[in-house]
Amino acid sequence: MMWDGLYASAFEKINERIGNTGRVLLAYNTNIDAIKYLNSGDLKDRIEKAGKEEVLRYSNELPEKIRSVQQLLGSILWSVKRGKAAELFVESCPVRFYMKRWGWNELRMGGQVGIMANLLGGVYGVPVIAHVPQISRLQAGLFKDGSIYVPKIENGQLRLVHPKEFNADEESCIHFIYEFSRGFRVFDFKAPRENRFIGSADDYTTTLFIRDEFRKSFEEIARSVNLAIVSGLQALTKDNYREPFETIRGHLEVLNDRNVPAHLEFAFTPDETVRKAILDLLGNFWSVGLNEVELASIMEAIGEKCLAEKLLTNDPVDPVAVTEAMLKLAEKTGVRRIHFHTYGYYLALTDYKGEFVRDALLFAALAAAAKAKLGDVRSIDDIAKAMDVPVNEKAKPVEEALAREYGMEKGLAEVDGYQLAFVPTKIVEKPKSTVGIGDTISSSAFVGEFALKNG
Ligand code: ADP
């Protein structure tokens, strides 16, 4: 089969060259994830106790923030009903306390920066400099060994140390992740696929706290990196985004002056003002990564309501609607690369051409399958083993639609002067976990692309 061959050769090429990527800067969000596997009976009891009618209201429309237990439970239902992920800030202390008492099944590295640091630095051997807003002992212990560094200023000098050697006792920022499996039932709702809802009880990533080391020594840090991945803007609100956005704009200017391509890992951003501000900033990035919910939310912010709706109706997501949305986004912002991922396939729209864009997507799909299968990718061998996971059959009609509409061949087409790259992904039937797969996909594809370009 054609795709099996393309998968194998993409893996081989990137595996050989990933060491040539250079250093990657990862900013700004790292936290601790507390994962709770939802139990249907338990959830039902909690909803009834909290007041079913009010809870159900929030299952139709997400609140902006979580201020009550009803909103928490309703938002969980919102995700279950759709099989879609969502993340909201938990403002209320009593709700935070409720979540703590509800408990968790396990603790894991969280935040896009933390997840990507462990994958790039701990698995691929690509050195990374990570922004970790608070380095508690618990947080530091979640970093893998390997080439992962945090800046530390000692006697006025900037040093790079592994987080475990940072030795400061800062706060623990905990995010509560409520996971459900495909077919999970509560009342009349049945989850069409596995996913989760996240309630973040953390005041550092939500305000996009930026450490002094990054404020004072950013130029020096930027001088030592070849690529950057930015994430963590999603929890900001119209009341607090201005100051961090100024800092980020400054950081991007420094990176752009040094020709360091920066990728923005978009994440579900409930606040529309912030979403629009991100759009204004997007032209300063080389690349952006997002899923269908995130792309739809952007289309909504630019007044493309119909297109936004189309992105959320079909399963698998209509690739022509996705392409139209990506074209609009590229035209509007000037961002050079848009990487879209959804359950079953990925697309990348780039203002440059080459098979390496598609090959990097294939590598990312292998990494995603390994992550879904194992929960944690321990070595590049784990990724090689994901080759056994079959290519998603449901992506066939997607591929056919792209061939019909844009004359796509072997996952590549030209659309309005851009290159459109497509890959059908490998879907793990019974995933161990789905947390952080998006980050795995985006960082593997971005770094993989530059590994091939530079190699
Ligand atoms: P996250 O926020 O966890 O990073 P995203 O929604 O951004 O999540 O990304 C999830 C992506 O993971 C989906 O778009 C899909 O491509 C991939 N994925 C989800 N479930 C599986 C699975 N069982 N097997 C392989 N890939 C999966």
Side-chain angles (χ1 to χ4, degrees), residues 14 17 20-27 112 116 120 222 225-231 233 245 248-267 275-291 294-295 298-299 301-302 304 319 322-341 346-364 402 406 408 411-423 438-439 441-455:
I14 294 184
R17 293 174 175 81
N20 305 337
T21 319
R23 235 193 231 163
V24 184
L25 171 66
L26 303 172
Q112 288 129 318
M116 293 182 194
L120 302 181
V225 299
N226 304 75
L227 291 174
I229 303 181
V230 171
S231 58
L233 283 54
F245 264 61
I248 296 169
R249 195 179 281 279
H251 286 178
L252 286 169
E253 273 165 21
V254 173
L255 292 169
N256 284 328
D257 281 350
R258 302 189 178 285
N259 294 320
V260 175
H263 170 89
L264 173 70
E265 188 51 15
F266 199 86
R275 228 181 290 155
K276 285 188 175 144
I278 295 177
L279 278 177
D280 287 340
L281 209 57
L282 213 50
N284 296 307
F285 285 95
W286 173 285
S287 162
V288 61
L290 32 67
N291 68 16
E294 294 150 8
L295 186 59
I298 289 181
M299 287 303 111
I302 63 172
E304 294 285 345
V322 175
T323 307
E324 275 174 32
M326 290 199 296
L327 284 168
K328 284 205 178 2
L329 187 58
E331 292 296 335
K332 193 175 163 64
T333 62
V335 68
R336 303 194 58 189
R337 173 181 181 274
I338 302 172
H339 175 186
F340 170 84
H341 60 86
Y346 311 153
L347 286 172
L349 188 82
T350 49
D351 74 358
Y352 46 91
K353 299 182 172 57
E355 289 183 352
F356 63 95
V357 177
R358 177 203 62 200
D359 290 347
L361 297 184
L362 290 166
F363 176 73
L402 291 167
Y406 308 116
M408 179 163 280
L412 293 172
E414 201 182 311
V415 185
D416 292 359
Y418 293 88
Q419 172 176 280
L420 183 66
F422 157 85
V423 305
D439 307 333
I441 296 167
S442 297
S443 59
S444 300
F446 182 63
V447 168
E449 197 178 297
F450 282 90
L452 289 178
K453 227 184 202 170
N454 302 344

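Everything numeric here is computed off the predicted structure, so don't read it as measured data.
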Nearest 0.5 Å, please: how far is [atom2] in [Y] from [atom1] in [X]?
X	Y	atom1	atom2	answer
Ile229	Met116	CD1	CE	5.0 Å
Phe422	Leu349	CZ	CG	15.0 Å
Leu362	Ile14	CG	CD1	8.0 Å
Ser231	Leu26	OG	CG	7.5 Å
Leu420	Tyr406	CG	OH	7.0 Å
Leu361	Phe356	CG	CZ	11.0 Å

Is any side-chain heavy atom of [X] closer than 4.5 Å to a side-chain heavy atom of [Y]?
X	Y	answer
Leu282	Leu329	yes
Leu290	Phe340	yes
Leu264	Leu233	yes
Ile278	Ile298	no
His339	Ile441	yes
Leu347	Leu402	yes
Arg17	Asn454	no
Ile338	Leu295	no

message = Quick check on side-chain contact (heavy atoms from CB on, under 4.5 Å): which of Leu452, Asn226, Leu227 does Thr21 satisfy it with?
response = Leu227
inquiry  = Within a 6.0 Å radius of atom NZ on Lys332, are there more than 12 heavy atoms belonging to other residues, nucleotides or ligands?
reply    = no
Name each donor-acceptor pair under 3.5 Å that joins a side chain in residues 442-451 to protein atoms two or more places apart or in another chain, with its distance.
residue	atom	partner	partner atom	Å
Ser442	OG	Glu265	OE1	2.9
Ser442	OG	Glu265	OE2	3.0
Ser442	OG	Gly438	O	3.2
Ser443	OG	Asp439	O	2.7
Ser444	OG	Tyr124	OH	2.8
Ser444	OG	Thr440	O	2.7
Glu449	OE1	Arg337	NE	2.7
Glu449	OE2	Tyr352	OH	2.5

Least distance between heavy atoms, [X] atom then [Y] atom:
X	Y	answer
His341	Tyr346	CB-CD2, 3.4 Å
His263	Ser287	ND1-OG, 2.6 Å
Gln112	Ala267	NE2-CB, 3.6 Å
Leu279	Ala301	CD1-CB, 4.4 Å
Thr323	Pro319	OG1-O, 2.7 Å

Strictly distance-based, threshold 3.5 Å: is any side-chain N or O of [X] a donor or acceptor partner for the main-chain N or O of [Y]?
X	Y	answer
Gln419	Gly354	yes
Asn256	Asn284	yes
Glu331	Lys328	no

message = Applying ring pair (Phe, Tyr, Trp, His ring centres under 6.0 Å), can you list everything that pairs with Phe285, at least two apart in sequence or on another chain?
response = none
query = How would you list, by chain and number, every residue that makes a ring pair (Phe, Tyr, Trp, His ring centres under 6.0 Å) with Phe245, sequence neighbours excluded?
reply = Tyr241
task = Give the intermediate values and the outcome of side-chain contact (heavy atoms from CB on, under 4.5 Å) for residues Leu25 and Val260.
result = CA-CA 10 Å; Leu25 171 66; Val260 175; over 6 Å; no
